[in-house]
Amino acid sequence: MQDFFNIQDIEEEYDVVVLGGGPAGMTAAMYAARDDLKTLVLEKQFPGGQVAITEFVENYPGFYEGIMGADLSENFYKHAEKFGVLIRSGECLSIEMDKEYKILNIKNMDKPIRTKSIILCLGAHWKKLDVPGENKFYGRGVSFCATCDGSFYKDKEIAVVGGGDSAIEEGLYLTKFASKVTIIHRRDKLRAAKIYQDRAFANDKIEFLWDSVVTAVNGEQQVESLSIKNVKTEEESELKIAGVFVFIGQTADTELVKELVKLDESGFIVADESTETSVPGIFAAGDVRWKPLRQITTAVSDGSVAAKGAQKYIGETFGE
Ligand code: NAP
């Protein structure tokens, strides 16, 4: 694989710059490079996006026996690399327009990058509970990543907050380690797909705390308990646990482009199935775009559509 951290060989001009190296970004880059567009992927954290820290993926078509998230993201990386994409560590600090060209200022780089089109695959991050103790105990019992932190809770009692696919899927995964997983949900019905619900209800290690919200995370050095409120009865209680995993949905990572492209009221980029944003030549793919379903499949779909859109835009605008 390429030297991800070597930014010396980044050139000054590209046809397509993809911001974000998750499934949407890698697919967009692979399609663009395969169509002979000079393509750079910049990723500010680690390549792979959230899939890279997902334990096991069992609903990505073609992998009928399932595949480890880390392996799938490595395959995406290698696939883009095979067609000549340069994949580099880099944080874009600002984007300016110079007629049809887009100018990207990159952290730790002396010169900006000029590109004909941009594909924004910036992803999303986990929402916080926004309660006392959550920030204080982040990394000391409060986690947003079961794959990263699950093994710290061998034979311990933990909690998961949320009722969607993520909460239930990750809650099930955490039963590999924990002696008991209490899923705290603010309603009395789960949002998660039936297949996950059935598995969770059948799992002896999982208990549910319905109609309940966390009001505080408590402890001395580490998390020791959660303050819980029943939203129907207003009753308050304390749940003793060694750790809490928060999976209550995601917020789009659109800080960089909030003044540039149109966002919806939740902060996701407005772009229809063509993935074109409000700015010609700038496309949005994957979790960062408004959509009814956030999956690896919908991310890779967006990535391929965005690359084709970029190719068409470059042809029409730059006469190539
Ligand atoms: P989600 O579907 O938005 O679910 C968020 C859950 O958190 C909901 O149950 C919601 O409660 C609860 N919640 C939201 N804000 C809360 C708050 N402030 N306090 C307490 N609870 C709160 O998010 P997600 O589970 O991360 O899933 C996001 C997308 O990824 C979905 O499209 C999902 O299908 C997809 N996904 C798919 C898979 C898979 O297929 N393998 C795995 C993970 C995620 P309410 O139900 O009351 O709104």
Side-chain angles (χ1 to χ4, degrees), residues 50 53-56 69 124-253 266-267 287 294:
Q50 290 188 43
I53 55 165
T54 299
E55 166 74 358
F56 195 64
H125 62 267
W126 293 106
K127 278 191 207 159
K128 289 181 171 185
L129 291 169
D130 232 356
V131 297
E134 184 182 35
N135 288 340
K136 179 179 168 194
F137 291 110
Y138 175 63
R140 288 188 287 143
V142 174
S143 174
F144 299 85
C145 178
T147 314
C148 319
D149 299 330
S151 60
F152 297 135
Y153 298 97
K154 199 158 173 17
D155 299 325
K156 294 192 172 145
E157 298 195 1
I158 58 172
V160 166
V161 188
D165 283 342
S166 299
I168 306 309
E169 191 180 29
E170 301 301 325
L172 281 160
Y173 167 68
L174 288 164
T175 60
K176 280 190 180 187
F177 310 100
S179 55
K180 182 173 154 190
V181 176
T182 302
I183 296 181
I184 304 165
H185 184 36
R186 63 182 178 182
R187 293 188 291 138
D188 62 359
K189 281 194 183 63
L190 297 175
R191 180 181 291 278
K194 189 170 177 301
I195 185 169
Y196 293 130
Q197 296 199 26
D198 291 346
R199 287 180 194 172
F201 292 140
N203 191 309
D204 290 342
K205 284 189 173 179
I206 292 184
E207 275 187 19
F208 287 89
L209 210 50
W210 301 110
D211 300 314
S212 298
V213 292
V214 175
T215 54
V217 182
N218 315 307
E220 290 288 330
Q221 297 305 315
Q222 294 277 329
V223 170
E224 290 166 20
S225 73
L226 299 175
S227 300
I228 307 283
K229 187 166 112 183
N230 184 302
V231 291
K232 283 192 176 155
T233 62
E234 301 270 306
E235 193 186 320
E236 296 189 7
S237 60
E238 195 182 4
L239 180 71
K240 293 217 178 303
I241 40 97
V244 56
F245 289 80
V246 182
F247 298 112
I248 60 169
Q250 302 192 348
T251 305
D253 287 325
S266 308
D287 286 359
R294 293 198 161 74

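The figures here come from the full heavy-atom set of this structure, side chains too, leaving out hydrogens, waters and symmetry mates.
Remark: A159 pairs with I184, L226, L239, I241, V244 by the side chain to side chain contact (heavy atoms under 4.5 Å, CB included) rule, at least two apart or across chains. With sequence neighbours left out, the side-chain hydrogen bond (donor to acceptor under 3.5 Å, both in side chains) criterion links R294 to no other residue.
Distance check: L174 CG to F245 CZ gives 5.0 Å after rounding to the nearest 0.5 Å. To the nearest 0.5 Å, atom CZ of residue F177 and atom NZ of residue K205 are 9.5 Å apart. Remark: I228 CD1 to E235 CD distance equals 11.5 Å, nearest 0.5 Å. Note that the CZ atom of F208 and the CD atom of Q197 stand 8.0 Å from one another [nearest 0.5 Å]. If you take OG1 on T175 and NZ on K180, they are separated by 14.0 Å, rounding to the nearest 0.5 Å. Expressed to the nearest 0.5 Å, how far CG of L190 lies from NE2 of H185 amounts to 5.5 Å.
In this pair, F247 and W126 present their aromatic rings perpendicular. The plane angle is above 60°, beyond the 30 to 60° band. Between F201 and W210, the angle of the ring planes lies from 30° to 60°, which puts this pair in the tilted group.
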**Request:** Start with the C-alpha distance between E234 and K229, add both sets of side-chain angles, then the distance that settles side-chain contact (heavy atoms from CB on, under 4.5 Å), and finish with yes or no.
**Result:** CA-CA 6 Å; E234 301 270 306; K229 187 166 112 183; 4.2 Å; yes
**Asked** Given V223 and V142, is the side-chain contact (heavy atoms from CB on, under 4.5 Å) satisfied, shown in steps?
**Response** CA-CA 7 Å; V223 170; V142 174; 4.0 Å; yes
**Asked** Do S227 and E238 pass the side-chain hydrogen bond (donor to acceptor under 3.5 Å, both in side chains) test, and can you show the C-alpha distance, the side-chain angles, and the key distance before you say yes or no?
**Response** CA-CA 5 Å; S227 300; E238 195 182 4; 5.9 Å; no
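Here the two rings, on F56 and Y173, have centers that are 6.0 Å apart or farther.
For E170 against A146, the heavy-atom pair with the smallest separation is OE1-CB, 3.2 Å. Between F137 and E220, the shortest heavy-atom contact is CE2-O, 3.6 Å. In terms of heavy atoms, A252 sits closest to G267 at CB-O, 3.4 Å. The minimum heavy-atom distance between C145 and I53, with the atom names listed, is SG-CD1, 3.8 Å. Of all heavy-atom pairs between D165 and A193, the closest is OD1-N, 2.7 Å. Closest of all the heavy-atom pairs between V231 and R186 is CG2-O, 3.7 Å.
The only option from L172, V160, I168 that meets the side chain to side chain contact (heavy atoms under 4.5 Å, CB included) definition with I206 turns out to be L172.
Between the side chains of T182 and E207, no donor N or O sits under 3.5 Å from an acceptor N or O.
A heavy-atom distance below 4.5 Å is not found between the side chains of Q250 and H125. Counting only heavy atoms from C-beta outward, the side chains of N218 and E224 never approach each other to under 4.5 Å. Between N135 and K128 the shortest side-chain heavy-atom distance falls below 4.5 Å. Side-chain atoms of I183 and L209, non-hydrogen and from C-beta on, never get closer than 4.5 Å to each other.
Put simply, the side chain of Q50 gets close to the backbone of A124: a donor and an acceptor are under 3.5 Å apart.
Residue pairs meeting the salt bridge (charged side-chain N to carboxylate O under 4.0 Å, His left out) criterion with at least one partner in residues 132-158, sequence neighbours excluded, are absent.
Using a 4.0 Å cut-off between charged nitrogen and carboxylate oxygen, K232 and D188 count as a salt-bridge pair.
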